Protein chains: 2
Amino acid sequence: MVQPKEDRRIQRTRQLLSTALLKLIEERGYDSLTVNDITEQANVGRATFYLHYEDKEQLLVESLEEMFSQLEDLIDPLSEALGEEHHSTATRLLFQHFADHHGLYRVLLTEKGAAMVFPRLLEIISQIAEQIAGQDVISKSVSAKQPQTRVSTNLVAHYVAGAFLGSVIWWLNNNRPYSAQQMAAIYVHLMDPGVTKALGIASAELPELSDVLASSNSTL
Amino acid sequence: MVQPKEDRRIQRTRQLLSTALLKLIEERGYDSLTVNDITEQANVGRATFYLHYEDKEQLLVESLEEMFSQLEDLIDPLSEALGEEHHSTATRLLFQHFADHHGLYRVLLTEKGAAMVFPRLLEIISQIAEQIAGQDVISKSVSAKQPQTRVSTNLVAHYVAGAFLGSVIWWLNNNRPYSAQQMAAIYVHLMDPGVTKALGIASAELPELSDVLASSNSTL
DNA sequence: TACATTTATAGACATAGAGTCCAATAAAAG
DNA sequence: CTTTTATTGGACTCTATGTCTATAAATGTA
């Protein structure tokens, strides 16, 4: 199954439309945008738009999937480097991702036109949480030692993902007063040990919160 | 400032429109609805709609504010009955509220047309969390004994609210396999003690999770 | 009850944006 | 260079919005 190698014009047009949309969302939000706005910003004929996408929303979805796969790719490489700091490293990288695209996410997560962004993100983060829980080295030993009452891992993953996104929304709406590193430290501390136990994640040696918060902020 | 006592027709029309909208949302989602759909369902002239609301969204907002105030009213009466079980009672009532309106919330929290529902709910739940934190009897003594590193209460409140909504979404999407009581117990356990400490909330004597989950389910 | 006021209504109207289609043109592939 | 494919502007239909007007009906009050 060799890819037919797409026509250069196709790639170019799609790229232009995607970039135009994301830029306009940051500037004016999503809801009020028309297909005309987007094609004008992209310098592309309006009819061309419909050669590639059914409607505005499909363009949004496809544009975001690109970013979302970046998110998922953040975690995969960590699968091999299993260690006790695996969990907090993953968490820091997640926060960093949202910092990198804060302008866009701020609009998409709080503006009314957020459309399906929040539910989709919830699923993605939730899956990542389950993935981390399943892969953690200490996971098995902990669950073995503590055959605790079983609460659906999927529920805990949604709890965790919701907490993460709630934190991110606060973070973005307050112009990121903490660094990604600090946010990760706070977040991990808040989960400990109720959630970490439930997910069977190691919560071995968390750095003291006061130390992390006292350190200089590299992101702002 | 005596209210001019609104014309009965006004109340009637607004009630009809609100009811029609909420019913249609449950059946067909929000986005695809037209003003015509709504007025038809309500048996009201389309022109009449514009005598009361600017657009579809304003009707949605005003209709939901009614439910949201129910949410906030759930907590207020508890302010007087301060006790160690205050927190878990409040949590149970919150879950119960979402169970009572599960059909509507399921659509609004997961369908793409959710519009501004999620951000709004996040703010409401977050405020409730701060309110509970501020009022809890044990709050002061704990914070006094533990002058721990200060993390913005507002951040923790958003963490808590996000976790709550993440849990609710899982709950509704899985047809509420646990009762509101059980969900509350799980939720409180997951927060303990990381969050409870940060908010200065009592986490005194939580019932054993296994006991709660073993008890018969009164909601399903 | 009767009256003055307010609201509801149907239908007409202007406008905007979505989505389709086509013939002409431009550009890429081979 | 030839063939194939993509882009383009413009015209067109359609749906829904939001406004307006004249008429009918309901309401609160004298």
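Residue numbering restarts at 1 for every chain, and letters A, B, ... go by the order of the sequence lines. Please read these numbers as outputs of a predicted model, since none were measured by experiment.
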TODO: Go through A:R28 and A:D37 one step at a time and tell me if the side chain to side chain contact (heavy atoms under 4.5 Å, CB included) criterion holds.
DONE: CA-CA 11 Å; A:R28 301 169 35 195; A:D37 292 333; 3.1 Å; yes

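Following rounding to the nearest Å, A:Q11 (CD) and C:dA29 (C1') show an atom-to-atom distance of 13 Å. Atom P of nucleotide D:dT17 and atom OH of B:Y53 are separated by 16 Å, given to the nearest angstrom. At whole-Å resolution of the value, CD1 in B:I10 and P in C:dT6 are 11 Å apart. Here C:dG17 presents its P atom at 14 Å from CG of A:D31, a figure rounded to the nearest Å. A:E40 places its CD atom 11 Å from the P atom of C:dG17, with the value rounded to the nearest Å. Protein atom CZ of A:R12 is 11 Å distant from nucleotide atom C1' of C:dA26, rounded to whole Å. The separation between B:D55 atom CG and D:dT17 atom P is 10 Å, rounded to whole Å. In this structure, CG of A:L33 is placed 13 Å from C1' of C:dG17, rounded to the nearest angstrom.
You'll find that the side chain of B:V44 is closest to C:dT9, out of D:dT17, C:dA18, C:dT9. Among the nucleotides C:dG19, D:dT8, D:dT5, the one closest to any side-chain atom of A:L51 is D:dT8. When the nucleotides C:dG19, D:dT17, C:dA28 are ranked by their closest atom to the side chain of A:D7, C:dA28 comes out on top. In the set C:dG17, D:dT7, C:dC21, the nucleotide with an atom closest to the side chain of A:A47 is C:dC21.
Contact annotation: A:R9 does not reach the phosphate of D:dT5 (side-chain N/O to OP1 or OP2, under 4.0 Å). Residue B:H52 has a polar side-chain atom (N or O) positioned under 4.0 Å from OP1 or OP2 of C:dA8. At D:dA16, none of the side-chain N or O atoms of B:T34 fall inside 4.0 Å of OP1 or OP2 (strictly under the cut-off). Taking 4.0 angstrom as the limit, A:T13 places a side-chain polar atom (N or O) nearer than this to OP1 or OP2 of D:dT7. The phosphate of D:dG18 has OP1 or OP2 within less than 4.0 Å of a side-chain N or O from B:Y50.
You won't find any donor-acceptor pair under 3.5 Å spanning the side chain of B:R46 and the base of C:dG11, going by distance alone.
Under the 6.0 Å distance and 45° angle rule, A:K56 does not count as a cation-pi partner of A:F49. With a 6.0 Å cutoff to the six-membered ring centre and a 45° limit on the axis angle, A:R14 counts as a cation-pi contact of A:Y53.
Although no hydrogens or angles enter the test, the distance criterion places a donor-acceptor pair under 3.5 Å between the side chain of B:W171 and the main chain of B:Y178. Of the possible polar contacts, none joining the A:T48 side chain to the A:V44 backbone as a donor-acceptor pair under 3.5 Å is found.
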